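On a predicted model such as this, the values are computed, not experimentally measured, just so you know. Just so it is clear: chains get the letters A, B, ... in the order the sequence lines come, proteins before strands, and each one is counted from 1.
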Amino acid sequence: MKSGAHRAAWASICAPDFSLALTLACGQVFHWQPCPAHGAGFAGAIGDVPVYVEQRGGELWTNGPRDLVAHYFALDHPLAEIYRSFPTDPAMSGALEFCRGLRIIRQPAWECLATFITSSMKQVAHIAQISHTIRRRFGQRLDFEGAELFAYPPAARLAELDEQTLRECALGYRAKNLLGSARMIATGEVDLEGIRALDDDAARAELCRLPGVGEKVANCVLLFAFERVRAFPIDVWIARVLREAYFKQKRNVSAGRLREFSRAYFGDYGGYAQQYLFHQARTAQKSRRRGKKTCRSPRGNP
DNA sequence: CTCCAGGTTCCGG
DNA sequence: CCGGAACATGGA
């Protein structure tokens with residue numbers, strides 16, 4: 001990082017078995033941005049605390065509060081033990097090789113829930129765009145040199161908007177769901193923090209009471225915010241991976257079948273396995289598209 | 001222009 | 001329990 005940055009004491013945190021870049025790029029969180037003004041790292045908000053982070057070998061440098069940063073990036077998760085729990089089939093081994101150091105972070109619950117409510121039938125890039133728009137328009141501006149940072153607006157803030165206003169953030173039909181969920185949480189009809197105390201099944205059921213929250217989004221919140229590392233969100237990508245890798249010959253593998261298989265096969269750190277498979281598959285797809293020659297359609301001959 | 005994207009909800013076999 | 005269809009918007 002450059003020497004001009006100050007304001008808080010810089011701290012270096014011991015962070016072995018950690019890849020900051022993979023952790024931020026794998027699709028579990030959407031608002032961190034490169035920050036050239038400070039260096040090769042990233043700027044983002046942890047809740048309403050603006051933070052710069054940069055990895056240097058086995059250390060994580062930051063101008064933010066040490067404990068907050070270490071907790072957010074889950075530097076205490078036992079990666080070696082987690083890897084030992086992974087099955088050793090080709091698909092999983094390939095994903096592990098590709099994603100080594102990726103950690104499932106501890107996100108604030110509401111912003112995690114809200115961003116995944118807006119995620120349905122949207123590309124990852126667009127989820128990030130919606131998240132940024134909502135932060136910029138309704139979130140608290142955070143004091144930070146080198147980047148424009150905004151906190152995610154609290155549920156109570158979104159709850160006071162009307163659907164039309166929210167739709168201007170390009171949410172489409174998801175605006176109604178986000179608004180409805182924000183209101184249920186703002187009124188206390190659903191106690192989001194209280195869900196922490198519940199077991200996985202009860203927590204998932206409670207989350208599913210919110211509009212726009214089904215099993216997949218609930219599992220994302222359990223995994224990315226409530227540290228339920230068994231939770232195994234199944235989206236189109238993971239469904240494809242599972243069918244290709246584990247049900248190659250089978251026809252018509254139902255969603256229920258996939259859910260049951262993932263629970264039994266990946267075990268207590270299934271959420272980690274899921275995210276590694278997800279990121280590996282998506283990255284492989286991207287590089288395949290990039291490598292392909294840009295071929296225009298031969299259709300329009302004048 | 002067509003297709004599809006980290007789904008959810010509702011509806012009929 | 002299972003498969004289909006509607007639902008908005010933008011990028012490839």
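Of the listed nucleotides (dT8(B), dA5(B), dG10(C)), dT8(B) has the atom at the smallest distance from the side chain of V217(A). For S254(A), counting side-chain heavy atoms from C-beta on, the closest listed nucleotide (dC2(C), dT8(B), dC7(C)) is dC2(C). Checking dT8(B), dG10(C), dA5(B) against every side-chain atom of K216(A), the shortest atom distance belongs to dT8(B).
One interatomic measurement links the two molecules: OH of Y173(A) to P of dA8(C), which rounds to 8 Å at whole-angstrom precision. Atom C1' of nucleotide dC7(C) and atom CG of L178(A) are separated by 16 Å, given to the nearest angstrom. Computed from coordinates, the N177(A) CG to dC10(B) C1' distance equals 13 Å when rounded to whole Å. As a whole-Å value, the separation of E168(A) CD from dT9(C) C1' is 15 Å. Rounded to an integer number of Å, the gap from CG of L179(A) to C1' of dA8(C) is 16 Å. As rounded to whole Å, 14 Å separates atom C1' of dC2(C) from atom CD of E215(A). Summarising the geometry, the separation between CZ on R257(A) and P on dC1(C) is reported as 15 Å, rounded to the nearest angstrom. Whole-Å rounding puts the L166(A) CG to dT9(C) P distance at 12 Å.
Counting non-hydrogen atoms under 4.0 angstrom, R240(A) reaches the backbone sugars and phosphates but no base. Within 4.0 Å of E260(A), counting heavy atoms only, lies no atom of the nucleic acid at all. Within 4.0 Å of G27(A), counting heavy atoms only, lies at least one base atom of the nucleic acid. The residue L171(A) sits apart from the nucleic acid: no heavy atom pair falls under 4.0 Å.
For F86(A) and Y276(A), the gap between ring centers is short of 6.0 Å. Checked against a 6.0 Å centroid threshold, the rings of F261(A) and F247(A) count as neighbours. In this structure, H31(A) has its ring center at least 6.0 angstrom away from the ring center of F42(A).
In terms of position on DNA chain B, the residue among Q123(A) and V213(A) whose nearest nucleotide sits closer to the 5' end is Q123(A).
OP1 or OP2 of dA8(C) has at least one side-chain nitrogen or oxygen of R167(A) nearer than 4.0 Å.
Residue-to-nucleotide contacts include a donor-acceptor pair under 3.5 Å from the side chain of K122(A) to the base of dT9(C).
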| message | Would V69(A) and Y52(A) count as a side-chain contact (heavy atoms from CB on, under 4.5 Å) here? Give the steps. | response | CA-CA 10 Å; V69(A) 171; Y52(A) 172 81; over 6 Å; no
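Here the closest non-hydrogen pair linking A203(A) and I195(A) is CB-CG2, 3.5 Å.
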